[in-house]
S.K.: 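Following this message is one structure expressed as structure tokens.
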There are 2 protein chains.
Amino acid sequence: MPDPGPADAIIALSAITRSVFARAAERHSLTPAHARMLCILAAGPRRMTELAALMDVEKAALTGLADRAERRGLLTRSASDTDRRAVLITLTQAGRAAASAFHHDVSGQLTALTDVLSDQERDAFCRGVARIRAGRRDDAAG
Amino acid sequence: MPDPGPADAIIALSAITRSVFARAAERHSLTPAHARMLCILAAGPRRMTELAALMDVEKAALTGLADRAERRGLLTRSASDTDRRAVLITLTQAGRAAASAFHHDVSGQLTALTDVLSDQERDAFCRGVARIRAGRRDDAAG
DNA sequence: TATTGTTATACTCTATAACTATA
DNA sequence: TATAGTTATAGAGTATAACAATA
């Protein structure tokens, strides 16, 4: 492998992130899947189907995931006002606290990784990722 | 969230990679865990303990993972010449072909993501990641 | 008819603890 | 004693298919 290339860079960065994420979840007594779910729900309540799509899992898989999180007191189910079939998933106070602590931990770890970069390099990195994300959204839309 | 920052950039990129990886694995009839294992083994045979460390799972978990991959004809176990306790995991021809096809697929998808960047930006991104990786290795060493 | 969520079922993935064979 | 790998066990995560309730 003479020239790593952008794909290998992304893969390597992802492996690091995966590891950071897994260890942080363990520190906060969360499974990686629950940690991911909490981070999404931190932005606000979601319906089951909506949350399943955001997590990229089947709705049937989400039922079990939500069951276990509910049993651990991280979230609650409630009825929707407008659609009697729908269920609204909302974080409990404990769930919000866990989401916040976990996110703070992970963010700190990941930000620390970029300490080796100059301010200029760090900005360039962030801009590059923003462009990639924007390009991907266009892809999905078009 | 007024200023995304480097942590959010890394998290976003990781989410994209996760999705690309999962869909590619599905296309190649591999589980994500098997795909990951094949990519590591593509570099050469490994002992169970060694492979478990590289995958960041317990050796007991690797036994089942290797069992299923062996059953699917992706790898073989063989005895080590120097240590009669050790087992050497080697890809079969089918395993090498699957690893190669999967890696090619994922690399293509990820490289395409960076098409929205200029050559200069892409180089800056790769250099940044290389620096982050180097910093992390120093961390682990020191 | 289509959609929302659950249940039923069957795997895969994972960790912990206990075990064996070897070093 | 320590290490390499397996087995036993238990639980989490996931998908597919079938279902009830509601739209």
Side-chain angles (χ1 to χ4, degrees), chain A residues 18-19 21-41 45-90 98, chain B residues 18-19 21-41 45-90 98:
Chain A
R18 175 200 172 92
S19 168
F21 200 91
R23 282 175 221 294
E26 199 173 2
R27 274 196 298 278
H28 294 268
S29 303
L30 295 169
T31 63
H34 277 171
R36 214 155 75 82
M37 184 163 57
L38 293 190
C39 286
I40 293 171
L41 289 171
R46 299 283 185 183
R47 287 160 53 147
M48 290 293 282
T49 302
E50 196 181 2
L51 183 54
L54 287 168
M55 294 190 69
D56 197 19
V57 299
E58 290 299 317
K59 59 185 180 174
L62 189 59
T63 293
L65 212 46
D67 283 350
R68 289 185 291 274
E70 193 173 20
R71 212 180 308 140
R72 290 181 188 195
L74 297 170
L75 56 81
T76 56
R77 281 174 164 96
S78 61
S80 163
D81 290 340
T82 54
D83 187 337
R84 295 208 320 218
R85 295 170 302 179
V87 166
L88 224 57
I89 302 293
T90 309
Chain B
R18 175 200 172 91
S19 168
F21 200 90
R23 282 176 220 295
E26 199 172 3
R27 274 196 296 278
H28 295 267
S29 303
L30 294 170
T31 63
H34 277 170
R36 213 154 76 81
M37 184 164 55
L38 293 190
C39 287
I40 293 171
L41 289 171
R46 299 283 185 183
R47 286 159 54 144
M48 291 292 284
T49 302
E50 197 182 2
L51 184 54
L54 287 168
M55 292 191 71
D56 197 19
V57 299
E58 291 298 318
K59 58 183 180 175
L62 189 58
T63 293
L65 213 46
D67 283 350
R68 289 185 290 275
E70 193 173 19
R71 212 180 308 139
R72 291 181 188 196
L74 297 170
L75 56 81
T76 56
R77 281 174 164 98
S78 60
S80 162
D81 289 339
T82 54
D83 188 337
R84 295 210 319 220
R85 296 170 303 179
V87 166
L88 223 59
I89 303 293
T90 309

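Values in this document were obtained by computation on a predicted structure and should not be read as measured data. Chain letters run A, B, ... following the sequence lines, proteins first, then strands; residues in each count from 1.
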S.K.: Nearest nucleotide by nearest heavy atom, which residue falls closer to the 5' end of DNA chain C, A:Glu50 or B:Ala33?
M.R.: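 In this pair, the answer is A:Glu50.
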S.K.: Within this structure, what is the CD-to-P distance between B:Glu58 and D:dT3, rounded to whole angstrom?
M.R.: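 In whole Å, D:dT3 P lies 15 Å from B:Glu58 CD.
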S.K.: Tell me, please, which residues at least two apart from B:Thr49 pass side chain to side chain contact (heavy atoms under 4.5 Å, CB included).
M.R.: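 Expected list: none.
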S.K.: My understanding is that only residues two or more places apart in sequence, or in another chain, count here; which of them pass side chain to side chain contact (heavy atoms under 4.5 Å, CB included) with A:Glu50?
M.R.: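 Partners of A:Glu50 under the side chain to side chain contact (heavy atoms under 4.5 Å, CB included) test: A:Arg46, A:Arg47.
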S.K.: Report the residues that fulfil salt bridge (Lys or Arg N to Asp or Glu O under 4.0 Å) with B:Arg72, sequence neighbours left out, ordered by chain and then residue number.
M.R.: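 For B:Arg72, no residue satisfies salt bridge (Lys or Arg N to Asp or Glu O under 4.0 Å) once neighbours in sequence are set aside.
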S.K.: Does any residue of residues 81-89 of chain B have a heavy atom under 4.0 Å from DNA chain D, and if so, which ones, in number order?
M.R.: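 Within residues 81-89 of chain B, the residues near DNA chain D are B:Arg85, B:Ala86, B:Val87.
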S.K.: By salt bridge (Lys or Arg N to Asp or Glu O under 4.0 Å), which residues pair with B:Arg36, not counting sequence neighbours?
M.R.: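 For B:Arg36 there are no salt bridge (Lys or Arg N to Asp or Glu O under 4.0 Å) partners, ignoring immediate neighbours.
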S.K.: What is the distance, to the nearest angstrom, from the CG atom on B:Leu51 to the P atom on D:dA4?
M.R.: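 Those two atoms, CG and P, are 14 Å apart.
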S.K.: Show me, pair by pair, the donor-acceptor contacts under 3.5 angstrom made by side chains of residues 53-67 of chain B, not counting sequence neighbours?
M.R.:
| residue | atom | partner | partner atom | Å |
| --- | --- | --- | --- | --- |
| B:Asp56 | OD2 | A:Arg23 | NH2 | 3.2 |
| B:Thr63 | OG1 | B:Lys59 | O | 3.4 |
| B:Asp67 | OD1 | B:Arg77 | NH1 | 3.0 |
| B:Asp67 | OD1 | B:Arg77 | NH2 | 3.1 |

S.K.: What I'd like to find out is whether the side chain of B:Leu30 reaches to under 4.5 Å of the side chain of B:Leu74, using heavy atoms alone.
M.R.: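 Contact flag for B:Leu30/B:Leu74 side chains = yes.
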S.K.: Identify, with sequence neighbours excluded, every residue that meets salt bridge (Lys or Arg N to Asp or Glu O under 4.0 Å) alongside A:Arg84.
M.R.: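 Applying salt bridge (Lys or Arg N to Asp or Glu O under 4.0 Å) to A:Arg84 gives none.
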S.K.: Using salt bridge (Lys or Arg N to Asp or Glu O under 4.0 Å) as the criterion, list what pairs up with A:Arg27, not counting sequence neighbours.
M.R.: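 So A:Arg27 forms a salt bridge (Lys or Arg N to Asp or Glu O under 4.0 Å) with A:Asp105.
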S.K.: What residues, two or more places apart in sequence or in another chain, satisfy side chain to side chain contact (heavy atoms under 4.5 Å, CB included) together with A:Pro32?
M.R.: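 If we apply the side chain to side chain contact (heavy atoms under 4.5 Å, CB included) test to A:Pro32, skipping adjacent residues, there are no hits.
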S.K.: May I ask you to list the residues of residues 59-78 of chain B, by number, that have any heavy atom positioned under 4.0 Å from an atom of DNA chain D?
M.R.: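 The stretch gives B:Lys59, B:Ala60, B:Thr63, B:Arg77 as the residues lying under 4.0 Å from the strand, ordered by number.
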S.K.: Considering residues at least two apart in sequence or located in another chain, which fulfil the side chain to side chain contact (heavy atoms under 4.5 Å, CB included) criterion with A:Ser80?
M.R.: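 Checked A:Ser80 against side chain to side chain contact (heavy atoms under 4.5 Å, CB included); matches are A:Thr82, A:Asp83, A:Ala86.
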S.K.: Find the distance A:Arg47:CZ to D:dT22:P and express it as a whole number of Å.
M.R.: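 The distance from CZ of A:Arg47 to P of D:dT22 comes to 15 Å, rounded to the nearest Å.
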S.K.: 5' to 3' on DNA chain C, which nucleotides open and close the contacts with chain B (atom under 4.0 Å from a heavy atom)?
M.R.: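 Counting from the 5' end, contacts occupy C:dT12 to C:dA23.
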